Novice: 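Handing you this structure, nothing more for now.
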Amino acid sequence: MGLIEPTIHKNICLALIAIALVSFVMLFFVAAPYGRYHSQDRKWGPTVNSRLGWCLMELPSVVVFTWIFCLGSHISHAAPLIFFTCWQMHYIHRALIFPLRLGGTQSRIPLVIIILGFSFNGANSYINARWISELGVYSSQWITHPIFICGITIFVLGLILNLQSDTILLRLRADSSAKYKIPHGGAFRWVSSPNYLGEMLEWLGWAIATWSLSGLTFFLFSAANLVPRAYWHHRWYRDNFPNYPKKRKCLIPYVY
Ligand SMILES: NC(=O)c1ccc[n+]([C@@H]2O[C@H](COP(=O)([O-])OP(=O)(O)OC[C@H]3O[C@@H](n4cnc5c(N)ncnc54)[C@H](OP(=O)(O)O)[C@@H]3O)[C@@H](O)[C@H]2O)c1
């Protein structure tokens, strides 16, 4: 590790946090144009089928993360190995299994979103993999520390909530129609976007367990994308379904 790398690493984190703050504000004005907000008028340029799009966009989080992780000198220590396992549990599903679960979807993603997502995932994989395997120092006692245990617990609960909620949504398309329906069951009892709540809990848990600027950066970036998207989804459901459950909140049960 050169002396300059920790400075470069920190500056990449700070730059991504700045981009997250700008995105957070912008995404309340313009809903990210994929899924139900994708219009056919091609104003966002060429598009790719969602199955291929998700795979391309998320693949750096499997491949680049593994490559950077393997270059580190702490890769056989307990904490980095647990972090690696958590990350790959999420991203092997997101990049390789989730696209297959989309079935014969007709949904499309603009290429520009895929390029932005691909670039972010590459940078995010570098800052996080490099931190856990080289720049960060985790003693063998870290895995019994309450901060680590609390963080990993939040991560696992978030992963379960994200998977369960996405499964409920994907089952609504079991008849291969492109129609949207009101989701029921699981945490949809309380909020319109429990899959996003689960995803945010995962990266909050990651930030806590790794106790790092790179983890915090990823959590803020996820929240900057998912909080506005949850706002748009909630509004869309209310506008499109007169019988949408009145007590259902947007993202955080009983609060928002
Ligand atoms: N970490 C991050 O920054 C980040 C950013 C974005 C997404 N993600 C994660 O990626 C996953 C997918 O995100 P997304 O934005 O595509 O989620 P989404 O809008 O909730 O949609 C998920 C899937 O379910 C379908 N669907 C959603 N609502 C439906 C309904 N009411 N009736 C029928 N089908 C419905 C969607 O079809 P359509 O595509 O046709 O709408 C899509 O295939 C989530 O787990 C999310 O947490 C993470």
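Throughout, numbering of the chain's residues begins at 1 and tracks the sequence. Excluded from the calculations below are hydrogen atoms, water molecules and symmetry mates; all remaining heavy atoms, backbone and side chain alike, are included. Worth saying up front: this structure is predicted, and the values here are computed from it rather than measured. For ligands, and for the atoms within them, numbers begin at 1 and follow the listed sequence.
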Novice: So, 4.0 Å and heavy atoms of Arg94: is ligand 1 close enough to count as a contact?
Specialist: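 Yes; Arg94 lies near enough to ligand 1 that a heavy-atom distance drops under 4.0 Å.
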Novice: Taking the cut-offs as 6.0 angstrom to the six-membered ring centre and 45 degrees off its axis, would you call Arg173 and Tyr180 a cation-pi pair?
Specialist: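 Yes; both conditions hold, so Arg173 lies above the ring face of Tyr180.
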Novice: Specify the protein heavy atom at minimum distance from atom 5 (C) of ligand 1: its residue, its atom name, and the distance to 0.1 Å.
Specialist: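 Of every protein heavy atom, Leu226 CD2, 3.6 Å lies nearest to atom 5 (C) of ligand 1.
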Novice: Which ligand 1 atoms are under 4.0 Å away from a heavy-atom of Trp54?
Specialist: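 So the answer, numbered in order with elements, is 7 (C), 10 (O), 12 (C), 13 (O), 16 (O).
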Novice: Short list, please: which atoms of ligand 1 are under 4.0 Å from a heavy atom of Asp166?
Specialist: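 Once the distances to Asp166 are compared, the set is 11 (C), 44 (C), 45 (O).
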Novice: Can you name the atoms of ligand 1, numbered from 1 with element, that are less than 4.0 Å from a heavy atom of Leu102?
Specialist: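 Those of ligand 1 that fall under 4.0 Å from Leu102 are 43 (O).
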Novice: What is the closest protein heavy atom to atom 19 (O) of ligand 1, and at what distance does it sit?
Specialist: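 So the nearest neighbour among protein heavy atoms is His233 NE2, 2.9 Å.
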Novice: What protein heavy atom sits nearest atom 18 (P) of ligand 1, and how far away is it?
Specialist: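 The answer is Tyr196 OH, 3.5 Å.
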Novice: I need the nearest protein heavy-atom contact for atom 21 (O) of ligand 1: residue, atom name and distance, please.
Specialist: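 I find the closest protein heavy atom is Leu169 CD1, 4.3 Å.
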Novice: Kindly assign one of parallel, tilted or perpendicular to the pair Tyr237 and Tyr244, based on the angle between their ring planes and the thresholds 30° and 60°.
Specialist: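 Ring orientation, 0 to 90° scale: parallel.
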Novice: Centre of Trp236's six-membered ring, under 6.0 Å away, within 45 degrees of the axis: is that where NZ or CZ of Arg36 sits?
Specialist: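 Judged by the rule (NZ or CZ under 6.0 Å from the ring centre, within 45° of its axis), Arg36 counts as positioned above Trp236.
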Novice: Specify side chain, backbone, both or neither for Arg173, according to which of its non-hydrogen atoms lie closer than 4.0 Å to ligand 1.
Specialist: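 Side chain only; the backbone of Arg173 stays clear of ligand 1.
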Novice: Both conditions, 6.0 Å and 45 degrees, for the charged tip of Arg130 above the ring of Tyr126: are they met here?
Specialist: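 No - Arg130 does not lie over the ring of Tyr126 by the 6.0 Å and 45° rule.
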Novice: Within a distance under 4.0 Å of any heavy atom of Tyr34, pick out the atoms of ligand 1 and give their elements.
Specialist: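 This gives 6 (C), 7 (C), 14 (P), 15 (O), 16 (O) as the contact atoms.
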Novice: Can a donor-acceptor pair be found, under 3.5 Å and without considering hydrogens, that links the side chain of Ser177 to the backbone of Lys179?
Specialist: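 Side chain of Ser177 to backbone of Lys179: a pair is present.
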Novice: Quick one: nearest non-hydrogen protein atom to atom 9 (C) of ligand 1, plus distance?
Specialist: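 Answer for atom 9 (C) of ligand 1: Glu199 OE1, 3.3 Å.
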Novice: Below 4.0 angstrom from a heavy atom of Asn162, which ligand 1 atoms are there? Numbered from 1 as shown, please.
Specialist: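 Heavy-atom distances to Asn162 below 4.0 Å select 45 (O), 47 (O).
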Novice: With backbone taken as N, CA, C and O and side chain as the heavy atoms from C-beta onward, which portion of Trp232 lies under 4.0 Å from ligand 1: side chain, backbone, both, or neither?
Specialist: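 It is neither; nothing of Trp232 touches ligand 1.
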Novice: What residue and atom, counting heavy atoms only, is the protein's closest point to atom 27 (C) of ligand 1, and at what distance?
Specialist: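 In this structure, atom 27 (C) of ligand 1 has Arg36 NH2, 3.3 Å as its nearest protein heavy atom.
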Novice: Nearest protein heavy atom to atom 38 (P) of ligand 1, by residue and atom, and its distance?
Specialist: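 Heavy-atom neighbour on the protein nearest atom 38 (P) of ligand 1: Tyr180 OH, 3.3 Å.
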Novice: Counting N and O atoms only, with roles assigned by atom type, does the side chain of Ser50 sit under 3.5 Å from a partner on the main chain of Ser107, one being a donor and the other an acceptor?
Specialist: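 Judged by distance alone, yes, a pair lies under 3.5 Å.
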Novice: Report yes if some N/O of Trp203 lies less than 3.5 Å from some N/O of ligand 1; otherwise report no.
Specialist: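 So ligand 1 has no N or O lying under 3.5 Å from an N or O of Trp203.
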Novice: Donor-acceptor pair, distance only, cut-off 3.5 Å: does the side chain of Asn128 make one with the backbone of Asn124?
Specialist: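 Yes, the answer is positive, given that a donor and an acceptor are paired below the 3.5 Å cut-off.
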Novice: Please confirm whether Ser107 comes within less than 3.5 Å of ligand 1 when only nitrogen or oxygen atoms on both sides are compared.
Specialist: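 Between Ser107 and ligand 1, an N or O pair is found under 3.5 Å apart.
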Novice: With heavy atoms of Lys179 as the reference, note each atom of ligand 1 found under 4.0 Å away.
Specialist: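 Here the atoms of ligand 1 in question are 33 (C).
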Novice: What part of Phe98, side chain, backbone, both or neither, has a heavy atom within less than 4.0 angstrom of ligand 1?
Specialist: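 Near ligand 1, Phe98 shows its side chain, while the N, CA, C and O stay back.
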Novice: Below a 4.0 angstrom heavy-atom separation, can you tell me which part of Asn195, side chain or backbone, both or neither, approaches ligand 1?
Specialist: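 Both of them.
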Novice: Is the gap between the ring centers of Tyr91 and Trp87 under 6.0 Å?
Specialist: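 Under 6.0 Å, so yes.
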Novice: Between Arg108, Lys181, Arg101, Glu202, which one has a non-hydrogen atom sitting closest to atom 32 (N) of ligand 1?
Specialist: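 The option holding the nearest heavy atom is Lys181.
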Novice: Can you check whether Tyr196 and His233 have ring centres sitting under 6.0 Å from each other?
Specialist: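 Yes.
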Novice: For Ile147, does its backbone N or O pair with a side-chain atom of Trp142 as donor and acceptor, under 3.5 Å?
Specialist: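 Not confirmed, Trp142 side chain does not pair with Ile147 backbone.
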Novice: Tell me whether Tyr231 is reachable from Val22 by hopping between hydrophobic residues (I, L, V, M, F, W, Y) whose side-chain heavy atoms are closer than 4.5 Å.
Specialist: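 Unlinked, Val22 and Tyr231 end up in two clusters.
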Novice: Can you confirm, on distance only, whether ligand 1 has an N/O atom lying under 3.5 Å from any N/O atom belonging to Ser50?
Specialist: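 It does not: no N or O of Ser50 is found under 3.5 Å from an N or O of ligand 1.
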Novice: Kindly indicate whether a cation-pi arrangement holds for Arg229 with Tyr37, taking the cut-offs as under 6.0 Å to the six-membered ring centre and within 45° of the axis.
Specialist: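 Because its charged atom misses either the 6.0 Å distance or the 45° angle limit, Arg229 does not stack over Tyr37.
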Novice: Ring centroid separation for Trp211 and Tyr138, is it under 6.0 angstrom?
Specialist: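 No.
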Novice: Give the residue and atom name of whichever protein heavy atom lies nearest to atom 3 (O) of ligand 1, and the separation in Å to one decimal.
Specialist: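 Result for atom 3 (O) of ligand 1: Ser222 CA, 3.6 Å.
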Novice: Give the atoms of ligand 1, by number and element, whose distance to some non-hydrogen atom of Arg229 is under 4.0 Å.
Specialist: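 That gives atoms 15 (O), 19 (O) of ligand 1.
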Novice: Would you find a donor on one side and an acceptor on the other, under 3.5 Å apart, between the side chain of Lys249 and the backbone of Val191?
Specialist: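 It does not hold such a pair.
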